[in-house]
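First comes the structure, then the notes that go with it.
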Amino acid sequence: MADTPEPTKQHLYLVDGSSYIFRAYHRLPPLTDPEGTPVGAVYGYTTMLWKLAADLDEADGPTHLAVILDAGSISFRNDIYEHYKANRPDPPEDLVPQFPLIRDATRAFSLPCIEEAGLEADDLIASYAREAQRMGWNVTIVSSDKDLMQLVGEADGPDGPARIDMLDTMKNQRIYLPEVAEKFGVTPDLVGDVLALMGDSVDNVPGIFGIGPKTASKLIAEYGSLTAALDSAPAMKPSKLKERLIEGRADAELSKVLVTLKEDCDLPQPIAEMKLGPVPPEPLAAFLEKHGFTSLLKRLGAGNGSPARKTDLNPPKADKAGDNGTGDGSANRQPPPEMPHVDHTAYETVQTIERLEHWIARARAARLVAVDTETTSLDAMRADLVGVSLALGPNDACYIPLAHGGDDMFAQKPEQVDKAAALAALKPLLEDDSVLKVFQNGKYDCNVLAREGMAVAPIDDTMVISFALDAGRGEEGMGGSGIGGHGMDELSQRHLGHTPIAFKDVCGTGKKAISFGEVPLDRATRYAAEDADITLRLYQTLKPRLAEEGGTRIYERVDRPLIPVVATMEREGIRVNRARLARLSEEFAVEIRRLEGQIHELAGQEFTVGSPKQLGEILFDKLGYKGGKKGKSGQYSTDVSVLERLATEGAPMARKVLEWRQLAKLKSTYTDALQAAINPATGRVHTSYSLVGAQTGRLSSTDPNLQNIPVRTPIGRQIREAFVPEDGNVLLAADYSQIELRLAAHMANVDTLKQAFANGEDIHARTAREMFGEVTRDTRARAKTINFAILYGISRWGLAGRLEVTSDEAQDMIDTYFQRFPGIQRYIHETLETVRAKGYSETLFGRKTWFPRINSKNQAERQGSERAAINAPIQGTSADIIKRAMARMLPALAEAGLDDVRMLLQVHDELVFELPEARVEAATPIIRRVMAEAALPAVELTVPLGVDIGTGASWDAAH
DNA sequence: ACGATCACG
DNA sequence: GACGTACGTGATCGTA
């Protein structure tokens with residue numbers, strides 16, 4: 001900054017090389033260099049160094065810089081505690097050869113690289129940081145290791161305060177006191193105490209068992225230190241926590257020693273030698289050349305100089321040498337062309353109709369515009385439109401507020417274009433056939449805009465593109481959100497190296513959350529325009545990959561056409577009979593209370609029946625039933641299989657609990673929740689389908705989930721009776737019969753099974769005949785189990801458990817199956833070979849599912865991936881087929897003049913329609929044909945696809 | 001926030 | 001030598 005006092009303060013950057021490389025490895029695609037050496041992590045590391053070196057001259061950039069590495073896996077901490085870091089898995093195979101390359105890369109930049117046997121990088125960093133601080137320098141630690149957060153803060157130096165902060169280059173985030181407080185709830189000097197209580201499973205620091213981050217922060221904040229907390233334990237009121245603190249004291253004290261950084265190491269190299277200057281280009285060029293980092297090489301050449309001279313590297317525009325080249329998700333690809341950094345100040349707030357017309361005209365001319373809507377709710381059927389943002393190029397984006405300032409008619413509202421006028425102006429653009437609208441999760445925006453009277457088309461969707469390219473590649477533990485690693489924040493992080501403004505930072509969370517319409521326009525613009533900006537950047541990054549990586553077929557022919565179809569289904573919704581649900585709720589409540597009384601009586605005490613923990617203790621400890629098995633959580637298992645067994649062994653309580661559970665489930669999950677889900681405006685229930693929720697390509701359904709409405713028991717089926725058509729209409733349910741087994745027969749080319757399907761046989765009976773020689777209730781049921789086991793990737797023990805036979809007998813059955821149905825074994829083998837080699841499986845229509853853990857050294861993990869990989873092509877092909885049917889269905893019906901047939905629901909192999917009773921006869925053959933022929937012409941199956949159709953006055957009756 | 005449980009294909 | 005055993009989902013509850 002111009003007003004920075006001279007001379008500039010010295011600023012030491014300490015790069016935690018070891019931790020960076022691990023994170024870069026997991027975040028970046030598996031690039032290889034021309035010789036086939038894996039270099040993805042090294043590439044990430046190199047771009048980061050580049051950027052840091054280029055920041056010399058920046059206001060807060062480095063004047064001095066060093067990379068600190070771990071010398072080995074053993075440190076002085078192992079003398080204190082032999083298990084320290086003992087549960088670290090070996091690094092992945094393709095990361096190992098990259099470790100030495102880190103030193104090469106650092107040397108190529110002519111930067112000092114420091115390591116010391118017996119010391120961890122953290123200790124060296126701590127010692128250097130403190131020394132620099134004593135000299136009055138500022139220090140930035142480039143790492144996200146939480147242990148290092150202990151160092152953050154200011155100390156008095158010889159000429160004013162000297163500050164230590166951290167920089168997380170993967171998240172592009174500075175870490176200072178507020179960030180530490182947010183993570184640990186305490187000041188940095190107490191971070192070690194928190195860590196000592198909570199432990200660290202990655203480093204195998206024990207902590208105190210049963211105390212996690214939340215409890216640890218609370219205790220330390222409350223008592224002021226670890227010692228004080230431990231000392232206060234005996235005086236606490238009796239509780240689990242008190243016991244744990246007393247029993248775990250030694251563990252905590254040991255942990256404290258382990259997490260405390262050694263700040264007085266001898267410094268292997270003087271700090272003065274870390275001065276950052278122009279980087280000599282020759283060694284760097286040689287390194288970049290050797291590993292095929294051509295885009296960096298080009299940048300080096302074009303800049304005609306070193307990365308340490310920022311001005312040499314960059315075009316005149318505000319284009320810093322970028323952290324946006326941190327990977328693009330595919331092997332052996334060039335990083336995308338450079339994009340300028342996201343610049344929030346470049347965005348325009350559109351507040352007049354003239355400026356709006358200007359943007360619309362530019363969008364028309366560009367023929368491509370990224371669009372994002374801001375609303376009051378995540379539920380597209382209840383959301384009110386608050387504003388729209390548009391992006392035409394990087395940093396070339398605007399936000400058009402439409403309803404900021406709340407509902408209060410008299411409140412002072414910010415200047416904004418009249419909503420009706422703005423929408424009228426936008427409508428022709430959004431409906432223009434010749435202008436492509438790009439969204440991130442466009443189904444949502446299209447539904448919101450549809451409710452404003454707009455049929456937005458054509459559209460592209462970066463989330464759906466990402467799914468076509470990278471299903472299964474997302475981070476672990478992303479399930480549940482329904483977007484499986486394809487959300488905007490993850491994509492931006494992964495492909496652009498940029499962390500967008502978080503919604504919660506704009507609107508807050510919990511009770512203090514405000515609606516987007518309450519957000520001041522400047523902040524709203526930064527957030528909203530950034531979303532459109534990023535969507536456009538993602539599109540430019542991801543779209544080219546479709547063609548390069550064979551994703552076009554699945555995206556253009558299956559997933560993309562489905563977006564408006566599913567959007568329409570969501571808007572249709574389905575009618576439910578509220579009174580009927582309410583009556584069921586009441587009946588269930590009565591029965592639940594009755595059962596609860598009986599259960600308490602049998603237990604001889606009151607307890608929470610819904611608590612598996614308490615129930616287990618009652619059954620196995622108090623009542624003394626045998627065979628209680630505790631899982632890894634130390635709890636008895638009380639699931640159906642356990643309770644069924646107890647019931648047959650004569651435990652009356654078990655049967656009662658099973659009934660209680662069934663009713664409690666039906667009431668809370670269905671009869672109560674469905675009533676609450678009825679949309680007051682439409683009187684119907686509108687689920688939300690995720691197009692990217694299931695890695696195999698299936699849809700998933702949330703809010704509410706209408707894909708798991710009970711059907712298997714008579715009592716549960718009563719809930720289906722509450723799903724009804726409008727007066728004069730009927731519901732029609734059409735489902736594929738045994739589609740996955742049929743596909744398995746085709747894909748594994750099993751003649752016996754194919755013939756059985758061609759002849760319309762009962763496939764489980766046929767299997768029973770082949771395997772056991774005769775068809776009885778029992779053999780058919782066993783055959784059915786075995787058929788499913790095959791689809792899911794069989795193991796002798798798994799089958800043995802289900803059939804209640806020994807694992808030897810199960811093995812015999814598996815052998816027999818493979819013998820009677822040759823082809824299955826070969827299919828399994830070949831599928832696994834391909835997945836191991838390529839990393840992904842493919843459906844008949846070319847949908848990829850990635851299995852990053854298929855070659856894991858962890859056997860359980862690997863075998864899990866293997867089973868999933870056997871199933872994915874079958875489940876995924878089935879999903880492709882019904883999706884193709886859905887995309888064709890309404891046009892086919894309309895062509896026959898049946899435009900009053902509404903498609904409402906999809907349940908994996910079933911479609912549910914609502915139509916006038918008089919249309920059933922005409923619609924049935926069309927629906928059957930579209931579904932049965934959905935694979936054609938792309939794939940000619942060697943088995944017929946059977947479709948069962950029924951109609952009725954409720955979903956239950958339609959089956 | 002997470003595990004246990006259970007609803008579906 | 002031990003591990004832990006069927007694929008894919010989402011909602012609810014109790015516990016922490």
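In what follows, every chain begins at residue 1, and chains take the letters A, B, ... in the order their sequences are listed.
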Give every residue pair that meets the salt bridge (Lys or Arg N to Asp or Glu O under 4.0 Å) criterion with at least one member in residues 662-677 of chain A, sequence neighbours excluded.
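Passing the test, one end in residues 662-677 of chain A: K667(A)-D672(A).
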
Applying salt bridge (Lys or Arg N to Asp or Glu O under 4.0 Å), which residue pairs with at least one partner in residues 634-645 of chain A are found, sequence neighbours left out?
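Counting only pairs at least two positions apart or across chains, the salt bridge (Lys or Arg N to Asp or Glu O under 4.0 Å) contacts touching residues 634-645 of chain A are E644(A)-R655(A), R645(A)-E649(A).
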
With heavy atoms under 4.0 Å as the rule, sort [X] into base, sugar-phosphate or nothing.
X       : answer
T215(A) : nothing
A868(A) : sugar-phosphate
A872(A) : nothing

Applying salt bridge (charged side-chain N to carboxylate O under 4.0 Å, His left out), name anything that partners [X], two or more places apart in sequence or on another chain.
X       : result
E804(A) : none
E659(A) : none
R780(A) : D762(A)
E591(A) : R594(A)

Without decimals, in angstroms, what is the distance between Q863(A) CD and dC7(C) P?
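Those two atoms, CD and P, are 11 Å apart.
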
Heavy atoms within less than 4.0 Å of DNA chain C: which residues of residues 795-802 of chain A have one? Give them sorted by number.
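Listed by number, they are S795(A), W797(A), R802(A).
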
Measure from the side-chain heavy atoms of N871(A) and tell me the nearest of dA7(B), dC3(C), dC7(C).
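Closest nucleotide to the N871(A) side chain: dC7(C).
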
If you check the S668(A) side chain, which of dT12(C), dG14(C), dC7(C) turns out closest?
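So the nucleotide nearest the side chain must be dT12(C).
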
Ring pair (Phe, Tyr, Trp, His ring centres under 6.0 Å) partners for Y792(A), two or more places apart
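Y792(A) satisfies ring pair (Phe, Tyr, Trp, His ring centres under 6.0 Å) with no other residue.
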
Ignoring hydrogens and angles, are the base of dG8(C) and the side chain of R867(A) linked by a donor-acceptor pair under 3.5 Å?
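Checked by distance alone, the answer is no.
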
Counting runs of three or more consecutive pairs, Watson-Crick or G-U wobble, with each distance below 3.5 Å, where are the stems of DNA chain C?
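DNA chain C forms these stems: B:1-9 with C:7-15.
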
Using 4.0 Å as the upper bound for N to carboxylate O, is an ion pair formed by E617(A) and K622(A)?
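Answer for the salt bridge query: no.
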
